[in-house]
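Keep in mind that this is a model prediction, so the values were computed, not measured.
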Amino acid sequence: MTGSLHLWLIPLVPFAGFLVNGLIGRKLPKAFATAIALIATLIPFLHVARIWFQFPSLTVPYVENLGTWIWTGSFHADFALQLDQLTMIMLLVVTGVGFLIHIYSVGYMAHEEGYWRFFAYLNLFMFFMLTLVLSENFLLMFVGWEGVGLASYLLIGFYFLRDSAAKAGIKAFVVNRIGDFGFLIALFLLIAHFGTLSYSGVFSQIAQHPEWQGGVLTAIALFLLLGATGKSAQIPLYVWLPDAMEGPTPVSALIHAATMVTAGVYMVSRTHIIFDRSPFALSMVAIIGAATCFFAATMGLVQTDIKRVLAYSTVSQLGYMFLACGVAAYSSAIFHLVTHAFFKALLFLAAGSVIHALGGQQDMRVMGGLRKKIPITFWTMTAAVFAICGFPPFAGFFSKDDILYQAFISGSLGKVLWFVGWVTAGLTSVYMFRLWYLTFLGESRAESHELAEHGAAVHARPDSKQVIEGEHPHSVHESPWVMLGPLVVLAILATIGGFIGVPAAMGGHDEIGHFLDPVLGSGAHAPGGESPGLELGLSASAVLIGLLGLLVVHILYKVKPELPGKLATQFRALYALLLNKYWVDQIYGALIVTPLLLISRHLLKGLIDRGVIDGAGFAAGATAQGFGAIVQRLQSGNIRSYAGWLALGAAVLLIVSYFGFTAHF
């Protein structure tokens with residue numbers, strides 16, 4: 001196919017929406033601001049859909065060079081965009097799911113102050129994520145990488161007058177700077193050893209030298225991994241993501257499902273050629289992923305805030321994706337990234353619908369009995385719960401089981417990683433069905449719990465400024481269709497989306513894996529060959545442990561509802577450990593944050609601020625005053641004084657001239 005695809009339009013249109021709403025949105029009618037925000041995401045989605053239908057006739061990778069960015073000596077970097085199979089999948093996910101979240105936000109944010117500002121930030125988020133995905137080189141990827149960090153800071157701290165939201169935004173920004181430092185060091189190493197930041201330039205040099213193993217490539221891979229742990233919230237930099245719940249719920253859906261947290265998985269998959277040359281780096285990716293998915297799942301077991309449960313589930317599911325990358329099953333990681341975008345966006349938006357129905361309430365302990373009151377929200381969220389728990393035929397069943405199978409056949413370490421992932425599948429079922437039971441089933445606990453304790457007002461921990469004042473359970477209402485419509489679409493995708501990658505052992509053709517082969521090559525699948533019987537057996541075991549989790553929740557919250565309280569009392573130490581999230585935040589605070597604050601506030605402030613800066617200012621002032629005093633004496637207004645100074649000056653000039661004359665001869 002000939003002609004330009006105008007890839008630059010895909011990120012540029014959301015940026016234009018950001019500029020319009022950001023600059024004049026305050027003065028526009030709400031309908032205009034809404035139209036601008038939606039059109040700014042609809043056009044990229046339609047453009048991507050058009051390219052998708054043209055994709056079979058394209059020669060890929062397709063590159064659009066928009067001009068030279070940096071040129072110094074032998075190094076240069078271009079404003080260049082690239083389209084290939086991996087980019088195509090990411091574009092469909094980001095624009096498709098992102099557009100649905102924008103539609104949902106129209107209803108969810110309808111009565112919020114700063115409505116125009118919210119959509120300006122949301123469009124900015126889309127611009128940076130699309131820039132990251134479309135980049136043809138590491139430098140442009142870094143621009144998008146930093147940009148999504150900035151946009152997340154703005155959106156997480158959207159309610160900036162609330163101290164917890166402002167602190168959560170700062171925490172996300174600072175923690176991600178640690179990971180971004182690793183990414184930046186990797187860029188410097190790439191320039192030093194390859195002389196370019198172009199994907200094709202770096203990867204082609206590596207391909208031409210099969211003897212290059214470990215060494216510098218390991219260092220580059222580990223620094224890239226540090227960057228990925230920040231963006232994709234993996235150990236040890238996962239701590240920002242649970243606190244990101246302080247932002248509006250659509251922000252959580254966009255960050256967790258379609259944009260920021262998927263960037264790390266995308267980056268590792270994109271740079272798989274580097275990781276493939278470093279078995280140590282790959283092992284670190286796999287171990288971090290497995291540890292994170294289990295670690296986060298245990299914390300999700302005891303959370304009472306509906307959004308925090310989903311936040312820890314995101315951290316856990318991202319751990320599965322890193323586990324897949326670590327065993328070189330990159331296409332399995334991308335497959336799970338796609339299905340996760342469907343069911344995780346649905347989970348957050350459905351949770352937002354619950355919060356909306358309850359006027360801002362997020363505590364699951366005061367919910368219950370909502371199944372008949374908000375039936376569409378209930379059924380759509382049910383599809384998402386069954387999808388994330390990996391029950392067939394829902395989307396998560398195919399993608400998560402594919403990861404577990406690829407881990408199992410990857411070697412002796414893979415067996416251990418598989419076991420961790422398998423146990424985590426059971427924990428996922430427990431915390432997700434716990435959320436499902438507490439929110440929708442049984443009797444409403446609002447009146448007996450909150451109203452009995454606080455009187456007429458239900459004091460919510462609001463996702464927004466809304467709180468329930470005097471509302472009783474019978475006043476719970478279903479969300480408007482501008483919010484329910486995206487839920488229905490995502491529920492369909494969460495139900496049937498897994499069929500795009502059904503493995504051969506289950507009667508499919510692994511379409512997504514074969515589609516990605518030209519980009520991911522031999523690294524798309526873990527080594528070890530195909531074993532249909534083994535894959536089916538492992539899938540059956542994963543479904544069984546998921547059913548066991550459902551049974552445990554049914555007993556705890558339906559048959560014997562008093563049992564969870566007894567267990568919490570009996571195993572008080574373990575419960576406190578999980579409830580306090582292993583005290584990781586407190587440990588970080590004591591070992592890192594507090595010493596840094598002491599250094600910055602006392603040592604640096606006293607030494608540099610007061611000693612150097614204030615001292616330099618005082619010295620400059622004293623010097624100026626001294627010269628001023630001298631000049632003041634010179635400019636006294638006394639004629640005889642002026643004559644005396646004139647005579648003195650003339651004498652000095654004569655002496656200097658005399659010595660200069662004698663020295664010359």
Side-chain angles (χ1 to χ4, degrees), residues 1-8 10-11 51 54-91 130-145 183-213 215-221 223-224 227-228 263-278 281 325 328 330-331 333-334 515-524:
M1 178 179 174
T2 59
S4 174
L5 294 178
H6 303 295
L7 296 178
W8 53 272
I10 298 172
I51 295 174
Q54 297 174 346
F55 196 82
S57 62
L58 292 175
T59 300
V60 292
Y62 168 86
V63 177
E64 282 185 6
N65 194 333
L66 306 177
T68 300
W69 183 2
I70 298 174
W71 196 317
T72 172
S74 60
F75 173 78
H76 77 277
D78 299 326
F79 279 112
L81 306 179
Q82 174 178 291
L83 178 70
D84 57 21
Q85 288 83 356
L86 180 56
T87 307
M88 190 74 250
I89 288 178
M90 293 298 297
L91 287 176
L130 291 169
T131 300
L132 187 156
V133 169
L134 280 166
S135 60
E136 183 272 341
N137 56 71
F138 286 94
L139 190 58
L140 193 56
M141 177 193 271
F142 187 68
V143 172
W145 191 270
F183 196 120
L184 200 58
I185 296 298
L187 297 193
F188 294 150
L189 290 174
L190 287 168
I191 295 172
H193 292 276
F194 297 99
T196 180
L197 290 177
S198 169
Y199 298 150
S200 59
V202 173
F203 299 157
S204 63
Q205 290 184 52
I206 295 175
Q208 292 168 11
H209 295 275
E211 73 278 7
W212 289 358
Q213 300 286 335
V216 172
L217 294 179
T218 295
I220 293 171
F223 279 117
L224 289 174
V265 180
Y266 167 76
M267 183 266 284
V268 173
S269 299
R270 172 63 71 189
T271 60
H272 73 92
I273 293 177
I274 298 175
F275 283 88
D276 287 340
R277 296 297 183 90
S278 175
C325 290
Y330 303 105
S331 66
I334 298 301
F515 180 73
L516 289 169
D517 276 343
V519 181
L520 302 179
S522 60

Aromatic plane relationship, Phe203 with Tyr199 - under 30° parallel, 30 to 60° tilted, over 60° perpendicular: parallel
Approximate separation, where rounding is to 0.5 Å, of Phe138 CZ and Ile220 CD1: 8.0 Å
Distance (rounded to the nearest 0.5 Å) between Leu516 CG and His272 NE2: 10.0 Å
Close side-chain approach of Leu190 to Ile274, heavy-atom, < 4.5 Å: yes
Criterion ring pair (Phe, Tyr, Trp, His ring centres under 6.0 Å) on Tyr266 and Tyr330, from CA distance to verdict: CA-CA 9 Å; Tyr266 167 76; Tyr330 303 105; over 10 Å; no
Minimum-distance pair of heavy atoms, taken over all atoms of Glu136 and Ser198: OE2-OG, 2.7 Å
Smallest separation among heavy atoms of Leu520 and Ser331, with atom names: CD1-N, 3.6 Å
Within-4.5 Å side-chain heavy-atom neighbours: Leu140 and Trp69: yes
Atom of Leu130, atom of Ile10 and distance for their closest heavy-atom approach: CD1-O, 3.5 Å
Between Thr87 and Arg270: side-chain donor-acceptor atoms closer than 3.5 Å: yes
Leu81 CG to His6 NE2 distance, which is reported to the nearest 0.5 Å: 12.5 Å
Derivation and outcome, side chain to side chain contact (heavy atoms under 4.5 Å, CB included), residues Ser135 and Gln82: CA-CA 6 Å; Ser135 60; Gln82 174 178 291; over 6 Å; no
Nearest heavy-atom neighbours spanning Ala281 and Phe275: CB-CD2, 4.2 Å
Min side-chain heavy-atom separation Ile70-His76 under 4.5 Å: no
Atom pair CG/CZ of Leu189 and Phe223 - distance to nearest 0.5 Å: 6.5 Å
Leu58 vs Ile51, side chain to side chain contact (heavy atoms under 4.5 Å, CB included): CA-CA, chis, key distance, verdict: CA-CA 9 Å; Leu58 292 175; Ile51 295 174; 4.3 Å; yes
Stepwise side chain to side chain contact (heavy atoms under 4.5 Å, CB included) test for Phe55 and Tyr62: CA-CA 10 Å; Phe55 196 82; Tyr62 168 86; over 6 Å; no
CG-CZ distance between Leu187 and Phe183, expressed to the nearest 0.5 angstrom: 5.0 Å
Minimal non-hydrogen separation, Ala80 against Val63, with atom names: CB-CG1, 4.3 Å
Close side-chain approach of Gln205 and Thr196, heavy atoms under 4.5 Å: yes
Contacts of type salt bridge (Lys or Arg N to Asp or Glu O under 4.0 Å), residue Asp78, not counting sequence neighbours: none
Point-to-point distance, once rounded to the nearest 0.5 Å, from CG of Leu132 to CE of Met267: 9.0 Å
Donor-acceptor pair, side chain of Arg277 and main chain of Thr218, under 3.5 angstrom: no
Side chain to side chain contact (heavy atoms under 4.5 Å, CB included) evaluation trace for Leu83 with Leu91: CA-CA 9 Å; Leu83 178 70; Leu91 287 176; 4.0 Å; yes
Side chain to side chain donor-acceptor pair (under 3.5 Å) partners of Gln85, counting only residues at least two apart: none
Set of residues satisfying side chain to side chain donor-acceptor pair (under 3.5 Å) with respect to Ser269, sequence neighbours excluded: none
Closest heavy-atom pair and its distance - Val519, Leu86: CG2-N, 3.8 Å
